[in-house]
There are 2 protein chains.
Amino acid sequence: MEARIEKIKQQLQAQAFKLTPQREATVRVLLENEEDHLSAEEVFMLVKDKFPEIGLATVYRTLELLSELHVLEKMNFGDGVARYDLRNDSTHHHHHHLICVQCGSVDEILEDWLAPLEERLDREFQFTVVDHRLDFQGICHRCREKAKAKAK
Amino acid sequence: MEARIEKIKQQLQAQAFKLTPQREATVRVLLENEEDHLSAEEVFMLVKDKFPEIGLATVYRTLELLSELHVLEKMNFGDGVARYDLRNDSTHHHHHHLICVQCGSVDEILEDWLAPLEERLDREFQFTVVDHRLDFQGICHRCREKAKAKAK
DNA sequence: ATTGGTGCAAAACCTTTGCAGGGCA
DNA sequence: TGCCCTGCAAAGGTTTTGCACCAAT
């Protein structure tokens with residue numbers, strides 16, 4: 001945790017940005033809720049618990065900044081708000097997402113399943129891939145279990 | 001063209017909705033610009049050329065309705081507006097998109113490249129896929145050609 | 001008469017921006 | 001002092017909603 005904050009601090013400083021208290025509080029919230037794909041508003045409310053005087057605009061500016069530095073990814077799942085996904089710098093590509101249409105949960109696949117397809121795009125479509133996005137909508141394993149239990 | 005309108009008319013009537021002149025004009029614009037992933041505003045302006053008294057709210061309502069009937073797909077490419085993609089009912093899955101980061105064009109792949117991955121999700125993740133979304137960002141073949149020509 | 005559909009304007013919503021002030025080099 | 005950063009409020013842009021009216025059953 002502290003190591004990851006330190007790393008982000010360095011990424012900021014490398015471009016002459018500071019890790020202010022507000023920015024650090026925001027990053028901590030993101031780290032503590034890494035699985036959750038929070039919206040700006042949700043981040044704002046969580047940060048406010050620890051740092052009540054922060055303004056919403058600051059959260060937006062921080063998210064925007066971290067997004068530009070590729071510390072996190074701005075995503076859009078079609079529910080009208082932007083959501084943010086911390087990047088594992090081990091992989092420079094997006095995670096794949098498993099979005100449950102029943103309970104709304106979003107799970108992730110961290111491996112890259114698309115390398116063969118990207119080669120094919122290059123060969124057959126003369127398209128040079130720099131990034132990708134792969135989301136599946138469906139029924140997650142938890143809801144599937146629940147449905148099975150109920151059916152008995 | 002007329003056949004496709006007729007089909008959409010039937011899809012509407014099956015749920016007791018009418019193909020009003022405004023809706024028909026909207027559908028025609030979508031059919032005529034099928035490749036273009038228009039935004040609501042763009043559809044509105046194109047419809048207005050033929051049907052000047054139409055209101056923007058009607059276009060939004062029509063797009064929403066057609067979206068619910070799965071006649072078209074509401075997409076979000078991250079540019080702040082919803083874009084609409086007419087569905088080929090031959091495939092009940094989305095197209096895959098090739099989004100050019102240089103010129104902003106969006107090309108489509110009509111085949112489904114994900115069937116093997118969906119089987120794997122079912123086996124390994126106990127996740128039942130009902131739909132998916134696959135977008136690639138990169139350099140399209142046109143921009144790649146241009147860059148090559150310039151490099152000479 | 002009832003129902004669904006429309007146009008207009010207002011509202012709602014998320015996000016960005018302008019600006020005056022604050023903190024730190 | 002100069003510069004980045006902040007909070008607040010206002011503005012911006014997209015989408016939805018309320019309402020009165022219209023058309024067709």
Side-chain angles (χ1 to χ4, degrees), chain A residues 8-29 37-69 71-84, chain B residues 8-30 37-69 71-85:
Chain A
I8 289 167
K9 184 173 176 183
Q10 283 168 18
Q11 285 175 269
L12 283 166
Q13 288 175 344
Q15 315 256 345
F17 295 112
K18 296 170 201 158
L19 185 63
T20 62
Q22 290 91 332
R23 286 178 183 164
E24 181 170 339
T26 304
V27 169
R28 283 188 187 276
V29 162
H37 304 88
L38 300 173
S39 67
E41 191 75 36
E42 288 165 343
V43 173
F44 175 58
M45 292 192 301
L46 288 168
V47 175
K48 254 197 152 172
D49 288 345
K50 307 178 184 177
F51 202 115
E53 64 279 25
I54 200 170
L56 177 56
T58 301
V59 172
Y60 270 104
R61 283 186 283 233
T62 301
L63 293 171
E64 186 60 29
L65 176 62
L66 294 176
S67 195
E68 277 163 24
L69 296 180
V71 171
L72 47 82
E73 197 63 41
K74 193 173 178 178
M75 307 239 59
N76 207 311
F77 292 113
D79 58 352
V81 296
R83 300 188 169 274
Y84 298 85
Chain B
I8 290 167
K9 184 172 176 184
Q10 284 168 19
Q11 285 176 271
L12 284 165
Q13 288 176 342
Q15 315 255 348
F17 296 112
K18 297 171 200 160
L19 184 63
T20 61
Q22 289 92 332
R23 288 179 182 164
E24 180 169 340
T26 304
V27 169
R28 282 185 189 278
V29 162
L30 290 167
H37 303 90
L38 300 173
S39 67
E41 191 75 31
E42 289 165 344
V43 172
F44 175 58
M45 291 192 303
L46 289 168
V47 174
K48 254 199 152 171
D49 289 345
K50 307 176 181 177
F51 203 114
E53 63 279 26
I54 198 170
L56 176 57
T58 300
V59 171
Y60 271 104
R61 284 186 282 233
T62 301
L63 293 173
E64 187 59 29
L65 177 62
L66 294 176
S67 196
E68 278 164 24
L69 297 180
V71 169
L72 47 83
E73 199 62 41
K74 193 172 179 177
M75 308 239 59
N76 206 310
F77 293 113
D79 58 352
V81 296
R83 301 190 168 274
Y84 298 86
D85 203 355

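First the proteins, then the strands, lettered A, B, ... as listed; each starts at 1.
Annotation: of the two residues near DNA chain D, B:E41 and A:L65, the 5′-most nearest-nucleotide partner is A:L65.
The nucleotide whose nearest atom lies closest to any side-chain atom of A:E53 is, among C:dG5, D:dG7, D:dT16, D:dG7. Of the candidate nucleotides C:dG4, D:dT14, C:dT15, C:dG4 has the atom nearest to the side chain of B:K18. Comparing C:dT16, D:dG7, C:dG7 by their closest approach to the side chain of A:F51 singles out D:dG7. Closest to the B:A57 side chain, of the nucleotides D:dT17, C:dT16, D:dT14, is D:dT17. Of the candidate nucleotides C:dT6, D:dG7, C:dT15, C:dT6 has the atom lying nearest to any side-chain atom of B:T20.
Protein atom NZ of B:K48 is 10 Å distant from nucleotide atom P of C:dG7, rounded to whole Å. Following rounding to the nearest Å, A:N76 (CG) and C:dC14 (P) show an atom-to-atom distance of 13 Å. Taking atom CG of B:L19 as the reference point, atom C1' of D:dA23 lies 15 Å away to the nearest angstrom. Atom CE in B:M45 sits roughly 14 Å away from atom P in D:dG13 (whole-Å rounding). Counting to the nearest Å, the P atom of C:dT6 and the CG atom of B:L56 are 13 Å from each other. The nearest whole Å value for the distance from the CD1 atom in B:I54 to the C1' atom in D:dC22 is 15 Å. Atom C1' of nucleotide D:dT15 and atom CG of B:L63 are separated by 11 Å, given to the nearest angstrom. If you measure from atom CD of B:E64 to atom P of C:dT6, you get 14 Å, rounded to the nearest angstrom.
OP1 or OP2 of C:dT15 lies within a sub-4.0 Å distance of a side-chain N or O belonging to A:Y60. The side chain of A:T58 contributes an N or O atom lying less than 4.0 Å from OP1 or OP2 of D:dG7.
The shortest side-chain heavy-atom distance between A:V47 and A:M45 does not fall under the 4.5 Å cut-off. Residues B:V29 and B:L38 form a side-chain contact, since some pair of their non-hydrogen atoms from C-beta on lies under 4.5 Å apart.
When heavy atoms are screened at a 4.0 angstrom cut-off, A:R61 is found touching base atoms of the nucleic acid.
Outside the 6.0 Å centre-distance limit, the rings of A:H37 and A:Y84 are not counted as a close aromatic pair.
Rounded to the nearest 0.5 angstrom, B:L66 CG and B:R23 CZ are separated by 8.0 Å.
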Decide salt bridge (Lys or Arg N to Asp or Glu O under 4.0 Å) for A:E53 and A:K48; before the verdict, give the C-alpha distance in whole Å, the side-chain angles of both, and the deciding distance to 0.1 Å.
CA-CA 7 Å; A:E53 64 279 25; A:K48 254 197 152 172; over 6 Å; no
